[in-house]
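Contents: one structure, followed by commentary.
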2 protein chains.
Amino acid sequence: MNPRRPRSDGERTRAAILQSAMRLSTVDGLEGLTIGNLAKSLGMSKGGLYAHFGSKEELQLATVEAAGAVFVAEVIEPALRADPGVPQLLAFCDAYVDHLERLTFPGGCFFAGAALEMGTHRGPVQEKVAEFHSGFVALVREFVRTAVALGQLPDDEDPAGLALELHGTLLAVDTSFVMYGDSSVLDLGRTVVRRRLGVKAT
Amino acid sequence: MNPRRPRSDGERTRAAILQSAMRLSTVDGLEGLTIGNLAKSLGMSKGGLYAHFGSKEELQLATVEAAGAVFVAEVIEPALRADPGVPQLLAFCDAYVDHLERLTFPGGCFFAGAALEMGTHRGPVQEKVAEFHSGFVALVREFVRTAVALGQLPDDEDPAGLALELHGTLLAVDTSFVMYGDSSVLDLGRTVVRRRLGVKAT
DNA sequence: CCTACCGATCGGTAGG
DNA sequence: CCTACCGATCGGTAGG
């Protein structure tokens, strides 16, 4: 009711569980996440976890939801705050690379991993991952459409095609960064995005 | 000794095990692959599997090696058979998309999944995945360098940057194809690659 | 939020 | 290549 009221113990514990679950998921996967490991990382018992989540699937669904909120806060919102068109596309890509660079999660982008892992595991968890994933891609396509309408990109630019290229470049950056821990690929990604969007390097 | 001699029973069984292990790995991951599941899928006992592989890690290493051989045969070799430069880049990307389309593995590209999964799991398996992964990326960079040297691409084209873009586009195609099973993204990928390389659609 | 427990499955071994 | 087994851990439950 009152937004200034501090979170209850239950809410704080739940948030701590989900924070740990997101981090562990990017390392071991949403299926590789186990109740036992999660409990140990939090210093609590398995029984305690089941007081918050009735099943592993419920925990997975809540974890995907929490990761979606993090992605919105760290990547989507900075993009929406930029000027319409190319600046939004650039802000989105930069925010994505920044969010990798600051090691928000130890295993890189939550949704890059979750999409590949859950792609062939049909069910409620996969559906929720797909929902977020397709929402993010649709937003990038919208940014491209706006940029074309504003004359910032050529008239014949295909929104779906450019969205695939940018999405792909970010996936390749994530993969290389997670695989080699080499942060030089972050700057390479920033440069490639600028060149593709016709924006001068800063 | 004699290459015409038929494979022994042991060799044929080993090949069948690895074929099943590659397929299961693209669905459940290299860590999610279990000896019990693999044995069941082959109609044999767990003990039987341990006659061929002394440990799960040995099995994982052999599976990565086998997947590398499949990738070389299905994607690298068609590229090497094309004319140097842009035709090799195009052949590489087309062969990659074809290899997704024909459902070589049920979970899409073996190395796309393995790179993200094993990125944070340091050890011999991750090292072998990284070895193949960086080899493939290095080859694409070589193709770009050749294309620039032959005047097929602009002099200021950055090999590492273009390799990242093409690699990324293929990763995005793989992810969308696995996630939504929608084959239209395969043609979108082929189109995007042609536009980026300045090749007319066929 | 805890302890104590359930049947099932994990990776792996012994012995054949 | 098999059966039979090992201790550890899995997801989940009972009862508090």
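Quick note on labels: first sequence line is chain A, next is B, and so on, each numbered from 1. Values below: all heavy atoms of this structure, side chains included; hydrogens, waters and symmetry mates excluded. If you're wondering where the values come from, they're calculated on a predicted model, not measured in any experiment.
- DNA chain D is contacted by both G36(A) and G47(A); G36(A) maps to the nucleotide lying nearer its 5′ end (nearest heavy atom per residue).
- Heavy atoms of L33(A) sit under 4.0 angstrom from primed sugar atoms or phosphate atoms, though from no base atom.
- For T13(A) and dC1(C), the shortest distance from a side-chain N or O to OP1 or OP2 is below 4.0 Å.
- For the pair F53(B) CZ and dT13(C) C1', the interatomic distance rounds to 18 Å; values are reported in whole Å.
- Pair check for dG15(C) finds dC2(D); Watson-Crick or G-U wobble, both atom distances under 3.5 Å.
- One can place CG of L38(A) at 11 Å from P of dC10(D), the figure rounded to the nearest angstrom.
- Using a cutoff of 4.0 Å between basic side-chain nitrogens and carboxylate oxygens, R196(B) and E157(B) are scored as salt-bridged.
- One finds a salt bridge joining R190(A) and D98(A) here, because a Lys/Arg side-chain nitrogen approaches an Asp/Glu carboxylate oxygen to under 4.0 Å.
- With distances taken from any side-chain atom of M44(A) to the nucleotides dC1(C), dG12(C), dG12(D), the minimum falls on dC1(C).
- In this structure, L59(B) atom CG and dG12(C) atom P are separated by 10 Å, rounded to whole Å.
- Rounded to a whole Å, the CD atom of E31(B) is 16 Å from the P atom of dT9(D).
- Using a cut-off of 4.0 Å between Lys/Arg side-chain N and Asp/Glu carboxylate O, E74(A) and R102(A) are scored as salt-bridged.
- Atom NZ in K56(A) sits roughly 19 Å away from atom P in dA8(C) (whole-Å rounding).
- Although no hydrogens or angles enter the test, the distance criterion places no donor-acceptor pair under 3.5 Å between the side chain of H167(B) and the main chain of G168(A).
- For S45(B), no side-chain nitrogen or oxygen approaches OP1 or OP2 of dC1(D) to under 4.0 Å.
- Counted by atom type alone, T63(A) and S25(A) present zero donor-acceptor pairs between their side chains at under 3.5 Å.
- Nearest to the side chain of K46(A), among dC10(D), dC10(C), dT13(C), sits dC10(D).
- Remark: P of dA8(C) and CD1 of I35(A) are 20 Å apart, rounded to the nearest angstrom.
- Side-chain atoms of Y50(B) lie closest to dG12(C) of the nucleotides dG11(D), dG12(C), dC1(C).
- Summarising the base pairing, dA8(C) is matched to dT9(D) through a Watson-Crick or G-U wobble pair whose two defining distances lie under 3.5 Å.
- Taking only side-chain atoms of A51(B), from C-beta outward, the nucleotide of dG12(C), dC10(C), dC1(D) with the closest atom is dC1(D).
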